[in-house]
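Take a look at the structure set out below.
Numbered from 1 within each chain, the chains take letters A, B, ... in sequence-line order. What you see is a predicted model; the values in this text were computed from it and never measured.
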Amino acid sequence: MRLLDLATTSTAVAETSARSAKIALLAERLRTAGPEEVTVAVHYLSGELPQRQIGVGWATLRDLPAPVAGDAAGAGELEVAEVDRILDEVGSTSGAGSQARRRELLTALFARATAEEQSFLRRLLTGELRQGALDGVMADAVAKAAEVPAAEVRRAAMFGGDLAAAARTALRDGVPGLREVGLVVGRPIQPMLAGTADDVAAALQKAAPAALEWKLDGIRVQIHRAGDRVQVFTRSLDDITDRLPEVVELARALPVTSAVLDGEALALAPDGRPRPFQETASRTGSRRDVAKLREQIPLTVFLFDLLHLDGRDLIDLPSHERSDLLASIAPPDGLAPRLVTDDPQAAEAFAKDALDRGHEGVVVKSLDALYTAGRRGSGWLKVKPVHTLDLVVVAAEWGHGRRSGWLSNLHLAARDPESGEFVMLGKTFKGMTDELLAWQTERLRALQTSADDWTVRVRPELVVEVAFDGVQRSSRYPGGVTLRFARVVRYREDKRAQDADTIDAVRAIGQAAQ
DNA sequence: TTCCGACAGTGGGGTCGCAAT
DNA sequence: ATTGCGACCCCACTATCGGAA
């Protein structure tokens, strides 16, 4: 199979908006793939590289020599398997001179590609395929190509951790082959994700009685234990075992022969309150001097689910049964605090206590939900308090993709009461409807004071109400603080910039959380 | 016919580790 | 030593499609 075949399929997929038509086009292409090519084809057409990452991003591609006009002789002859080999080599170079070597390999590759192939490669390498089909749509396409139920493909991909491998199995061995793929201790599966609810009462309306658990602001850990061997994986299935010795020790001490556990790891202060997320991230992200770091910033694990125990898979058991089994093997202080209730007042009190202790909020879990790996179902609902501020728009950046032509990303500032100036403390592009994007583009252009290719600076007059999850330290912004997960709620045309919130008010919110 | 779950897209800040400057 | 870059932690929200109700 040629790269050109994938590029033309991708173009066709991008040009139709109907999901069913995308699936049909992808399935047709997969059917023509040989058994050795199908995994690479699935990866490429769902916007990923088999190598996961090869050290090439936007800036590397930007610095490649400009392509010559017109396609070179022999362009369009590139085979998918050869492209895969070249990218393997790009990804495996390291050490001094590796960047130059990467550029050399990529330059040679691009010189042999048609314009359509180059566009496809660029988008693939930057992770911006923008054809309206990623893993989800591809799973359906694989099912269609292999003429098997989509649920079987998704199940195999969930347990194998890899849709491309499931595709090869589906096309080669059909349903019987897919059925043989199961949970293997030591091989991570997609973690179950939580939806959101506005408040505890709303969450309880969807399921009562329900279990409430503390929502902890750390990193997700999936722990596999087989005999004495322990492995720890992140939400994106990376192996971080070496960085989390505390987690390894906890798992090794459990009275089991094998288990797969789900939990959250975070740094706590000596008084038991959570340290800022930045400190947990720093600790769990560090590979060097782990033993020393451990003394300074110890991690605590809170387990909240059990997917496998001593040879038995549990993901198809109702949540409350998994929870009971977990409690039977884990020490009480290794469990996420939990309350089962159908009483809104008791639930509210539990949530308030979690917040008073400095945690993010609660997760409300249906008692009979199965472990829906990789899905953001309503079986789990997170509830977190939201802060809002009225801030001033001081600039905006042009959007990309479907937001091309609109001013999208707002530069937000708080008022400095001392100087009367506006102090930038972050950006946001979230929460806007198409209608609002069009409106703000027009309004901001009318306030424009200067502009470059990316950014339009404006007179600080528009006030916008912004919701956010918290205030964190920043080395990037002049006020030393920034907002976590800022999103637009609405414009406040009734307010002038002089009425906007002050930088002191922002800092006070940060202090209150400590 | 309407509703709603799943998906894709559009990007945010911080941190680490590596290579280049 | 410092800077630029890529990768990966955390993540919210809207638009759209298409099956469920």
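Salt bridge A:R487/A:D469: present, at least one basic N to carboxylate O contact under 4.0 Å. Under a 4.0 Å N-O distance rule, the pair A:D88/A:R85 does not qualify as a salt bridge. A salt bridge is absent between A:R403 and A:D434; no separation between the charged side-chain nitrogens and carboxylate oxygens falls under 4.0 Å. A salt bridge links A:E249 with A:R294; the closest basic N to acidic carboxylate O contact falls under 4.0 Å. Taking the charged nitrogens against the carboxylate oxygens, A:R243 and A:D238 have no contact shorter than 4.0 Å, which rules out a salt bridge. We find that A:R457 and A:D452 are not joined by a salt bridge, their nearest charged nitrogen and carboxylate oxygen being 4.0 Å or further apart.
Phosphate contact (OP1/OP2 of B:dG9, side-chain N/O of A:H400, threshold under 4.0 Å): absent. Contact annotation: A:R130 side-chain N/O to B:dT10 OP1/OP2 distance is under 4.0 Å. Phosphate proximity of B:dG14 to A:R476: present, with a side-chain N or O under 4.0 Å from OP1 or OP2. Close to C:dC13, at under 4.0 Å from its OP1 or OP2, lies a side-chain N or O of A:R487. For A:Q53, no side-chain nitrogen or oxygen approaches OP1 or OP2 of C:dA7 to under 4.0 Å. Side-chain nitrogen and oxygen atoms of A:T234 include at least one within less than 4.0 Å of the OP1 or OP2 phosphate oxygen of C:dC9. Between A:N409 and B:dT10 there is no side-chain polar atom (N or O) within less than 4.0 angstrom of OP1 or OP2. Put simply, A:S474 has a side-chain N or O that comes within less than 4.0 Å of OP1 or OP2 on B:dG14. Dashed line: the shortest gap from a side-chain N or O of A:T60 to OP1 or OP2 of C:dC5 is not under 4.0 Å. Taking side-chain N and O atoms only, A:K215 has a distance below 4.0 Å to OP1 or OP2 of C:dC11. Phosphate proximity of C:dA12 to A:K382: present, with a side-chain N or O under 4.0 Å from OP1 or OP2. The shortest distance between the side-chain N/O atoms of A:S408 and the OP1/OP2 oxygens of B:dG11 is below 4.0 Å. Phosphate contact (OP1/OP2 of B:dG5, side-chain N/O of A:R19, threshold under 4.0 Å): absent. In terms of phosphate contacts, A:S17 brings no side-chain nitrogen or oxygen within less than 4.0 Å of OP1 or OP2 of C:dT16.
The A:D469 side chain lies nearest to C:dA12 when the options are C:dA12, C:dC9, B:dA19. Of the candidate nucleotides B:dG12, C:dA15, B:dT15, B:dT15 has the atom nearest to the side chain of A:R473. When each of B:dG11, B:dG17, B:dA20 is scored by its nearest atom to the side-chain atoms of A:R288, the top-ranked nucleotide is B:dG17. With C:dT16, B:dG13, C:dC9 as the candidates, the nucleotide lying closest to the side chain of A:I240 is C:dC9. In the set B:dA19, C:dA15, B:dC7, the nucleotide with an atom closest to the side chain of A:V137 is B:dC7. The nucleotide whose nearest atom lies closest to any side-chain atom of A:A96 is, among B:dG14, C:dG18, B:dA20, B:dA20. Picking from C:dT14, B:dA20, C:dC10 the nucleotide with the shortest atom distance to the side chain of A:R484 gives C:dC10. Comparing B:dT15, C:dC5, B:dC16 against the side chain of A:A59 picks out C:dC5 as the nearest.
Rounded to whole Å, the distance from CZ on A:R103 to P on C:dC5 is 11 Å. The interatomic distance linking A:Q278 (CD) with B:dC16 (P) rounds to 10 Å, in whole Å. Computed from coordinates, the A:M138 CE to B:dG9 C1' distance equals 17 Å when rounded to whole Å. What separates NZ of A:K430 from P of B:dG13 is a distance of 9 Å, to the nearest Å. Between A:Q472 atom CD and B:dG12 atom P there is a gap of 14 Å when expressed in whole angstrom units. Summarising the geometry, the separation between CZ on A:F277 and C1' on C:dC10 is reported as 4 Å, rounded to the nearest angstrom. With rounding to whole Å, A:E465 atom CD is found 18 Å from C:dA12 atom P. Distance CG (A:D140) to C1' (C:dG18): 11 Å, rounded to an integer number of Å.
At the heavy-atom level, A:S282 lies under 4.0 Å from the strands shown only through sugar-phosphate atoms. Nucleic acid contact for A:Q131: sugar-phosphate only, since backbone atoms but no base atoms lie under 4.0 Å from a heavy atom of the residue. Backbone-only engagement by A:D434 is indicated by non-hydrogen atom pairs under 4.0 Å involving sugar-phosphate atoms exclusively. Nucleic acid contact class of A:V56 (heavy atoms, under 4.0 Å, all strands): sugar-phosphate only. A:I54 comes within contact range of the sugar-phosphate backbone alone, with a heavy-atom separation under 4.0 Å but no base atom that close.
A cation-pi geometry, defined here as NZ or CZ lying under 6.0 Å from the six-membered ring centre and within 45° of its normal, holds between A:R484 and A:F277.
Remark: B:dC7 base-pairs with no nucleotide in the shown strands. Criterion, Watson-Crick or G-U wobble with two distances under 3.5 Å.
No side-chain donor from either of A:T441 and A:R445 sits under 3.5 Å from a side-chain acceptor of the other.
Looking at which nucleotide of DNA chain B each of A:Y477 and A:L129 is closest to, the 5′-most match is held by A:L129. Each of A:S286 and A:S94 has a nearest nucleotide on DNA chain B; the 5'-most of these lies closest to A:S286. When each of A:K384 and A:R62 is assigned the nucleotide of DNA chain C with its nearest heavy atom, A:R62 is the one assigned upstream, toward the 5' end.
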